[in-house]
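Here is the structure we will look at.
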Amino acid sequence: MKVSALKTALVSSLMIASACSDATEGTSATPISVDADFVVQTSLSQESVKAGTAVQAVCVVKNRDGMPVTMETFIRTVPEGEALIVDHTITPTKAGVLQVQCGISGSAIIDDTPATLVVFEGPAIRTVAEVSPASIQSGQTSTVTCRVEDEYGNDIPNLPTTVELTNTNVALVTGMTLKGQQVGSTQVICAQAQVAADARVPATLTVSVGAASKLTMQVTPELDWYTPGDVVNITAYVTDDWGNPVGSGVASVNGPNTG
């Protein structure tokens, strides 16, 4: 009887030893045959961070008696693809809420009460301008939308921006509205105090001629007095409200037949 008890104790200790290993993600482990014998719990070094900040996940495995045991574990996040994971270090890249779960390698055991990580936007590093519509006529308007982003493309709300044009003759800026004036094109830039000038991604606004609204006559030569026999050339200029020439063609001149 004593010998039998000793053998049982040795077998039990060997079974535990075969299940133990250093916690290193990515290495294979001996499959665990009875999942119900173990549970795994997840905790985080921080519960809320900015995107790009590393967080450590701690996995604790306990046996059926509630005693901690050393077993190989891994971590995963839900949703997937919104964080960089190296071993048990998580670097979130997407603003929002991540669920972090520990699991026991080589088994189907996953923590069914995951830890929650709240991720905020990182520092502003880029602005992106959008104009809609991108092509207008003189007198028409276009709306500017400014996005401020962190390193990972997360939108950062509520940061003040101003609109700048590389050619101020093309449009009039009023807040986030552009009103077309001179025919041509201009880059539209969203300026933000935290973002360097070379990190501002512009949009392009193109302005074409508006509807004809004005006819101007020019005489050559232009003299105060003319004498019989003088030849006077008359040129007609048709423009929109902002002085942009409207097309080309032939103008007719009506005047008295005598005098």
Side-chain angles (χ1 to χ4, degrees), residues 49-54 77 79-84 91-98 118-218 220 235-251:
V49 293
K50 290 184 177 182
T53 303
T77 57
E80 296 181 349
E82 296 187 357
L84 303 175
T91 304
T93 58
K94 182 69 174 177
V97 177
L98 279 178
V118 179
V119 184
F120 299 101
E121 303 85 3
I125 68 162
R126 177 174 50 251
T127 62
V128 180
E130 296 177 351
V131 292
S132 181
S135 297
I136 58 175
Q137 292 182 348
S138 294
Q140 294 181 337
T141 60
S142 181
T143 301
V144 183
T145 301
C146 290
R147 295 202 321 271
V148 183
E149 299 178 345
D150 66 8
E151 179 182 358
Y152 302 98
N154 294 302
D155 289 344
I156 305 174
N158 304 322
L159 285 182
T161 57
T162 56
V163 176
E164 299 177 355
L165 304 181
T166 55
N167 187 345
T168 56
N169 294 325
V170 169
L172 175 67
V173 180
T174 304
M176 293 293 168
T177 301
L178 305 176
K179 187 173 185 178
Q181 296 189 132
Q182 187 181 86
V183 170
S185 62
T186 181
Q187 289 192 326
V188 182
I189 299 168
C190 291
Q192 209 290 320
Q194 300 178 32
V195 178
D198 59 358
R200 299 168 181 172
V201 181
T204 300
L205 175 72
T206 301
V207 177
S208 58
V209 65
S213 63
K214 186 177 181 180
L215 172 65
T216 303
M217 306 294 287
Q218 181 178 346
T220 306
T235 306
Y237 295 96
V238 181
T239 63
D240 62 13
D241 286 338
W242 284 266
N244 297 302
V246 178
S248 62
V250 178

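The model shown is predicted, which means the values in this text are computed figures rather than measured ones. We number each residue from 1, following the sequence as shown.
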Exercise. Hey, are Ser132 and Thr143 close enough side-chain-wise for a donor-acceptor pair under 3.5 Å?
Worked result: no
Exercise. Under 4.5 Å between any side-chain heavy atoms of Val238 and Leu215, yes or no?
Worked result: yes
Exercise. If you round to the nearest 0.5 Å, how far is CD of Gln181 from OG1 of Thr168?
Worked result: 9.0 Å
For this session: State, yes or no, whether a side-chain contact exists between Met176 and Thr161 at a heavy-atom distance under 4.5 Å.
Result: yes
Exercise. Just wondering, do Val188 and Val163 contact through their side chains at under 4.5 Å, heavy atoms?
Worked result: yes
Exercise. Atom CD in Gln137, atom CG in Asp241: separation rounded to 0.5 Å?
Worked result: 11.5 Å
Problem set entry | Whether Arg200 side chain and Val195 backbone form a donor-acceptor pair below 3.5 Å | yes
Exercise. Pick one: which of Thr204, Leu205, Thr206 meets side-chain contact (heavy atoms from CB on, under 4.5 Å) with Ser135?
Worked result: Thr206
Exercise. Just how far is it from atom CG of Asp150 to atom NZ of Lys94, taken to the nearest 0.5 Å?
Worked result: 9.0 Å
Problem set entry | Side-chain heavy-atom pair Val49, Pro92 within 4.5 angstrom cut-off | yes
Seminar exercise, completed: Closest non-hydrogen atoms of Val128 and Cys190, given as atom of the first, atom of the second and distance, are O-SG, 4.2 Å
For this session: Indicate yes or no for a side-chain donor-acceptor contact from Ser142 to the backbone of Ala134 under 3.5 Å, with no hydrogens or angles considered.
Result: no
Exercise. Just by distance, do the side chain of Asn244 and the backbone of Val183 share a donor-acceptor pair under 3.5 Å?
Worked result: yes
Problem set entry | Partner of Ser138 under side-chain contact (heavy atoms from CB on, under 4.5 Å), chosen from Val246, Val207, Thr239, Val209 | Val207
For this session: Please report the closest heavy-atom contact between Ile136 and Gly180, naming both atoms and the distance.
Result: CD1-N, 3.6 Å
Exercise. Looking at side-chain heavy atoms only, is the closest gap between Lys179 and Thr177 below 4.5 Å?
Worked result: no
Exercise. Are Leu165 and Leu178 close enough that some pair of their side-chain heavy atoms sits under 4.5 Å apart?
Worked result: yes
Problem set entry | Separation between CG of Leu159 and CD of Gln192, rounded to the nearest 0.5 Å | 5.0 Å
For this session: Side-chain contact test, heavy atoms from C-beta onward, threshold under 4.5 Å: evaluate it for Glu149 versus Ile125 and give yes or no.
Result: no
Problem set entry | Step-by-step side-chain contact (heavy atoms from CB on, under 4.5 Å) determination, Val144 to Val173 | CA-CA 10 Å; Val144 183; Val173 180; over 6 Å; no
Exercise. What's the shortest heavy-atom distance between Gln187 and Thr166, and which atoms?
Worked result: N-OG1, 3.0 Å
Exercise. Could you walk me through whether Thr77 and Glu82 pass the side-chain contact (heavy atoms from CB on, under 4.5 Å) check?
Worked result: CA-CA 8 Å; Thr77 57; Glu82 296 187 357; 5.9 Å; no
Exercise. Atom OG1 in Thr53, atom CZ in Phe120: separation rounded to 0.5 Å?
Worked result: 11.5 Å
Exercise. Are Leu98 and Pro79 close enough that some pair of their side-chain heavy atoms sits under 4.5 Å apart?
Worked result: yes
Problem set entry | Gap separating the NZ atom of Lys50 from the CD atom of Glu121, nearest 0.5 angstrom | 9.5 Å
